[in-house]
Amino acid sequence: MPTPAALISLEDLLAVPSGQMETIQTHAAGPQGELPLSDTMLREWSSGDLFGLTQNAGMGWSPQELLGPQYLILSTQGGVRAPDGTPIALGYHTGHWEVGLLVQAAAREIKSLGGVPFAGHVSDPCDGRTQGTVGMFDSLPYRNDAAVVLRRLIRSLPQRQGIVGVATCDKGLPAMMLALAGTSQFPSVIVPGGVTLPPSEGEDAGKVQTIGARYVQGEMSLHDAAVAGCAACATPGGGCQFLGTAATSQVIAEALGMALPHSALAPSGQPIWLDLATRSARAVHQLATRKLALKDILTEKSLHNAMVVHAACGGSTNLLLHVPAIAHAAGLRRPTSADWSDINRRVPRFVSVLPNGPVAHPTVRMFLAGGVPEIMLHLRNLKLLELDALTVTGHTWGDVLDWWERSSRRQMVRQVLQERDRVQPDDVIIPPAEAKHRGLTSTVCFPHGNICPEGSVIKATSIDPVVVDADGVYRKTGPARVFTSERDAIKAVKGQTPQPIKPGDILVLIGRGPMGSGMEETYQITSALKFLKWGREVAVVTDARFSGVSTGACIGHVGPEALAGGPIGKVQDGDIIQIIVDRNNLEGTVNWIGDGVNTYTPEQGALVLAARLPRADLFPDKDLPADTRLWAALQRVGGGTWGGCVYDVDKIIATLAAGEAALAKP
């Protein structure tokens, strides 16, 4: 055992340095001047509103400017940056590292318009940082918690006239959208935090998360792993370079009309990015002046537009959790899996970007190719949009797209892409007819079957074409390799167990839904299979969820989850699973069809599974926090994963009342 370091003496630890005592003050002159009070204010204002003026003056705001309209700027800022940008204390991720600059720009604009800006922040974790750790158990529950805190901050500034929400990443931006949707009686604008740039030479932030698996399997050297790991985040701020959950959330915020047109996926730290915060502050001031609130913007029509854009760009499946939650917060009907399925059948995918491709363009190129407005131009031509839906500009999408089509902004950003990267904008956001000719297919499919009677989800575009039959159908029948912990599963993928995962296996990961692990994200498994040479020959079926950058034959969100009595919790090693996914018609099935000896039809298999007992090793994870257990119970009453993992307060109260009544009976 190492020798412990010597204990620091109390004198060395606590003694007051020379000269500090002399600097202590016990009173100070108050701010000079006087509050702009009136007889009416003193008679009618609450003591809190009056004391708020006192505190504003105490923080250094000019007394003469105290009565301007108050605006609240909320952000997910993390870390502490020196004025020159160097780190004093690190944030959890690059996505929130620079957003404080956006807050400053928005605040300056609000002040220039005669307003009084306030700022607060609720920082967010990083799904990439917590992959494969118990930190992932808090990831999805955090979204709800943060939304609650953000809404409390909004309500705690009684005289706020409008809200600016600055956020970037996987849970912080969905939480911000939930918070603003839940306070939609106010004018509000989202400022997406932008994206980080890819390295000129090196791997993107998605691929680099597989260096451990590739090193263990002998597919890269220690030196190459170290170099790749260092270089992947080429700039210090912004979300990852792929269209994962962070980037998709930015796209959805804009498509909903909650963010300025052409604000999603801007390169973090650059003038065009910073300028968007200034313009967003101007927009929220205009909304307040015109008495337009977020409820006028966030409607059934805007939800439709967001879902259509999601399908067109092949967005992260995690938005199937977040969009229904946003709808619920806004008091709107939550879209169902049937709604998503219908839209994905009708809407072609025509954006070529990481991770779906077919070309791995980083997200900054999607921004330069025209971003959301460019996608919506094509969707308008296909008559798939609700053009009279309002945006935070105060104009409808129809007006915005008329402007965008002939705007100098559109011409300039597309020209930058051509000149700097030698990439044609129409090769990133591809005209739909040409995209179809190039073989791009729609995105999300919802397989059902005797393993997932409530449904499941797969990003059909992410299946390697090499393992798809000529008719566009992925067919796989193979033995189940069942795991009840992600840690054991990744060891088997890395070949660090007596029976490693091998080509042809179907990896079944159970007990990782909300009740088992907070519905953890399993990217370390899906990414390893993508970048291992034989990984395309393995399928994954789980009640957990996937990172937005996941690829491969990965079927998640299996319902019911294992710990809720789902049939997936009864699958044993060696059972035979059959997966069929039609990428053209977006139809699929996942069925248990045998025990390794006997073969059954899907209908017979359902009966066999129903007669089985759940696995003896199926338990909630021993490290599952009590906070997450409570979240899992509450969201289950609120509709579960297919309902957005929300807190439906009325249903929760009714369920508690029914439980209390049942317990009270003799």
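Scope of the values below: all heavy atoms of this structure, side chains included, with no hydrogens, waters or symmetry mates. On a predicted model such as this, the values are computed, not experimentally measured, just so you know.
Taking both residues in full, the closest heavy atoms of N356 and G314 are given as ND2-O, 2.8 Å, listed atom of the first, atom of the second, then distance. Closest of all the heavy-atom pairs between A167 and M176 is CB-CB, 4.1 Å. Listed here is the closest heavy atom pair of L332 and L298: CD1-O, 3.7 Å.
Residues P335 and V323 have side chains in contact (heavy-atom distance under 4.5 Å, counting atoms from C-beta outward). For the pair H557 and R545, the minimum side-chain heavy-atom distance is below 4.5 Å. At a threshold of 4.5 Å between non-hydrogen side-chain atoms, the residues L507 and V541 do not count as touching. A heavy-atom distance below 4.5 Å is not found between the side chains of V508 and F483. V392 has its side chain out of reach of Q286: every pair of non-hydrogen atoms, C-beta onward, lies at least 4.5 Å apart. You'll find the side chain of M366 reaches within 4.5 Å of the side chain of I375, heavy atoms only. No side-chain heavy atom of L74 sits less than 4.5 Å from a side-chain heavy atom of V164.
The main-chain N or O of S316 is found under 3.5 Å from a side-chain atom of T248 such that the two form a donor-acceptor pair.
Taking CZ from R346 and OG from S341, the interatomic distance works out to 11.0 Å, rounded to the nearest 0.5 Å. One distance of note links CH2 of W97 with OG1 of T168; it measures 14.0 Å at 0.5 Å rounding.
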Query raised in the report: Given the rule in the salt bridge (Lys or Arg N to Asp or Glu O under 4.0 Å) test, do R629 and D621 qualify, once you have shown the distances and angles that lead to the verdict?
Result: CA-CA 10 Å; R629 289 177 59 208; D621 194 287; over 6 Å; no
Report task. Show your reasoning for whether side chain to side chain contact (heavy atoms under 4.5 Å, CB included) applies to H395 and L390. Result -> CA-CA 6 Å; H395 298 275; L390 274 178; 5.8 Å; no
Query raised in the report: Which is it for D648 and R334 under the salt bridge (Lys or Arg N to Asp or Glu O under 4.0 Å) test, yes or no, and what are the steps along the way?
Result: CA-CA 12 Å; D648 187 324; R334 286 180 272 181; 3.7 Å; yes
Requested in this report: Could you please spell out the steps behind the salt bridge (Lys or Arg N to Asp or Glu O under 4.0 Å) verdict for D124 and R143?
Outcome: CA-CA 9 Å; D124 54 342; R143 182 206 66 177; over 6 Å; no
Query raised in the report: What do the steps show when you test V251 against H310 for side chain to side chain contact (heavy atoms under 4.5 Å, CB included), and what is the final call?
Result: CA-CA 8 Å; V251 168; H310 179 275; over 6 Å; no
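Salt-bridge formation is not detected for the pair D138/K171: no Lys NZ or Arg NE/NH1/NH2 atom is positioned less than 4.0 Å from an Asp or Glu carboxylate oxygen.
In this pair, H93 and H96 present their aromatic rings tilted. The plane angle is within the 30 to 60° band.
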